[in-house]
Amino acid sequence: MSAGGDFRDDIVQGELGGRRVLFVMAADAEYGPRLRERIRPLMTGVGPVEAALGTGIALQALAAAGRLPDLVVSLGSAGSRTLEQGAVYQVAGVSWRDIDASALGFTKGVTPFLDHPVETPLPTPIPSIPAARLSTGADVVTGLRYHEIDADMVDMETFAVLRACQRYGVPLVGLRGVSDGAADLHHYDDWTSLLGVLDERLADAVDRLGIALEAGLI
């Protein structure tokens, strides 16, 4: 699957811990050499629209071929004002900060006429990696905006990947490395400076996930 959304029939699912796993990432900048040694992810492009579209098309193609994955893993970078910069966290729960139909009496964070909670818990099967709550949205969060968001970290894709997974009944695990947030963002390099560190730590997290899967922790 290309970032532009053109379908190919070579969607790669990896074998990890005896399970068929589809890894989903947003941007090539997050896909460093250590991860390249381990996985070939579906690259969706940045943001919730591209993530939902790319993941949904891929899962539909895999379902039609009778080879849906046992697990989808959304991984990449995240921002946080409070968590350790450069550290990797499992996603304990994910919410969608963009949706707000409260003017019509709907709960903020819930899509009208859909039965989903404000925050959806996700499995955290790796005992050695801490868990944190995640908020997905279409904006790059910086500065005082963090104080408006009820979550430990922010990204732009995981909730969208979750919705595609829910449509096909496939469980989702989220692994996010904190790339920014301690200081305000002003330049592209403010996001990319820690991506090399996160590549190594996300690769280690993938290895640990494989051990957890072999142990039957999910």
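Because the structure is predicted, anything quoted here is derived from the model rather than measured.
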Q. Are a donor atom and an acceptor atom from the side chains of Q60 and Y168 found within less than 3.5 Å of each other?
A. yes
Q) Parallel, tilted or perpendicular: which describes the rings of F159 and W96, with under 30° parallel and over 60° perpendicular? A) parallel
**Q.** same_hphob_cluster(L195, Y188) at 4.5 Å side-chain heavy-atom cutoff
**A.** yes
Q: Check for a donor-acceptor pair, side chain of S95 on one end and backbone N or O of R97 on the other, with a separation under 3.5 Å.
A: no
Q. Which atom pair, heavy atoms only, marks the closest approach of P48 to A138?
A. CD-CA, 3.8 Å
Q. To the nearest 0.5 Å, what is the distance between CE (M153) and OG1 (T136)?
A. 9.5 Å
Q. Is it true that a side-chain atom of D180 and a backbone atom of D190 form a donor plus acceptor pair closer than 3.5 Å?
A. no
Q: Find out if a path of hydrophobic residues (ILVMFWY) with successive side-chain heavy-atom gaps under 4.5 Å connects V118 to L114.
A: no
Q) Ignoring hydrogens and geometry, is there a side-chain-to-backbone donor-acceptor pair from R145 to D139 under 3.5 Å? A) no
Q | M43 vs D28 side-chain heavy atoms within contact, under 4.5 Å | A | yes
Q.
The test is side-chain hydrogen bond (donor to acceptor under 3.5 Å, both in side chains); show your working for R163 and T55 and say whether it passes.
A. CA-CA 9 Å; R163 291 295 294 128; T55 307; over 6 Å; no
Q.
Counting C-beta onward and ignoring hydrogens, is there a side-chain heavy-atom pair between L71 and L213 closer than 4.5 Å?
A. yes
Q.
Do E15 and V21 make a side-chain contact, defined as non-hydrogen atoms from C-beta onward lying under 4.5 Å apart?
A. no
**Q.** Hydrophobic cluster membership, V141 vs Y89, 4.5 Å side-chain cutoff
**A.** no
Q: Give the minimum heavy-atom separation between V161 and A51, together with the two atoms involved.
A: CG2-CB, 4.1 Å
Q) How long is the span from the CD atom in E214 to the CG atom in L16, to the nearest 0.5 Å? A) 8.0 Å
Q) Can any side-chain N or O of Q90 pair as donor or acceptor with the backbone N or O of I126 at less than 3.5 Å? A) yes
Q) CG/L202 to CZ/F23 distance, rounded to the nearest 0.5 angstrom? A) 11.0 Å
Q.
Please give me the minimum heavy-atom distance between P171 and D70, naming the atom from each residue.
A. CG-O, 3.2 Å
Q: Please step through side-chain contact (heavy atoms from CB on, under 4.5 Å) for the pair L68 and L59, ending with a clear verdict.
A: CA-CA 7 Å; L68 272 174; L59 289 177; 4.1 Å; yes
(Q) Using the rule side-chain contact (heavy atoms from CB on, under 4.5 Å), only one of L42, V173, V170 pairs with V72; which is it? (A) V170
Q. V49: which other cluster members, linking ILVMFWY side chains closer than 4.5 Å, directly or transitively?
A. none
Q | Heavy atoms of other groups near L144 CG, more than 12 under 6.0 Å | A | no
Q. D98 side chain to G137 main-chain N or O, any donor-acceptor pair under 3.5 Å?
A. no
**Q.** Verify same cluster id: V24, V154 (apolar side-chain graph, 4.5 Å)
**A.** no
Q) Under the 3.5 angstrom rule, does the side chain of R36 hit a backbone N or O of Y31 as a donor-acceptor pair? A) yes
Q | Distance (rounded to the nearest 0.5 Å) between L122 CG and L134 CG | A | 8.5 Å
(Q) Any side-chain to backbone donor/acceptor pair from R133 onto D150? Under 3.5 Å, distance only. (A) yes
Q: Output the distance between atom CD (E50) and atom CD (E157), rounded to the nearest 0.5 Å.
A: 10.0 Å
Q: Could you tell me whether a side-chain N or O of D152 sits under 3.5 Å from a main-chain N or O of T82, the two making a donor and an acceptor?
A: no
Q: Inspect the contact between R81 and D184 and indicate whether a charged nitrogen and a carboxylate oxygen are less than 4.0 angstrom apart.
A: yes
Q) Does atom CZ of R20 have more than 12 heavy-atom neighbours from other groups under 6.0 Å away? A) yes
Q) Okay, side chain of R176, backbone of V91: is any donor-acceptor separation there less than 3.5 Å? A) no
**Q.** Validation row: L75, M25 side chains within 4.5 angstrom (heavy atoms)
**A.** yes
Q.
I need the minimum non-hydrogen distance between S77 and L198, along with the two atoms involved.
A. CB-CD1, 4.3 Å
Q) At their closest point, which heavy atom of V197 faces which heavy atom of G86, and how far apart are they? A) CG1-O, 4.1 Å
Q | Minimum heavy-atom distance between A205 and L175, given as atom pair plus value | A | CB-CD1, 4.1 Å
Q: Each residue besides V140 in its hydrophobic cluster should be listed here, by chain and number; the cluster joins Ile, Leu, Val, Met, Phe, Trp and Tyr at side-chain heavy-atom distances under 4.5 Å.
A: V46, M156, L185
Q) Going by heavy atoms in the side chains, are L217 and P127 under 4.5 Å from each other? A) yes
Q) Would you say the side-chain atoms of Q85 pair up with the backbone N or O of S80, donor to acceptor, closer than 3.5 Å? A) yes
Q: Kindly determine whether T111 and H116 satisfy side-chain contact (heavy atoms from CB on, under 4.5 Å), including the steps that lead there.
A: CA-CA 8 Å; T111 307; H116 71 79; 3.0 Å; yes
Q. About how many Å separate CD1 of I57 and CG of L53, when rounded to the nearest 0.5 Å?
A. 4.0 Å
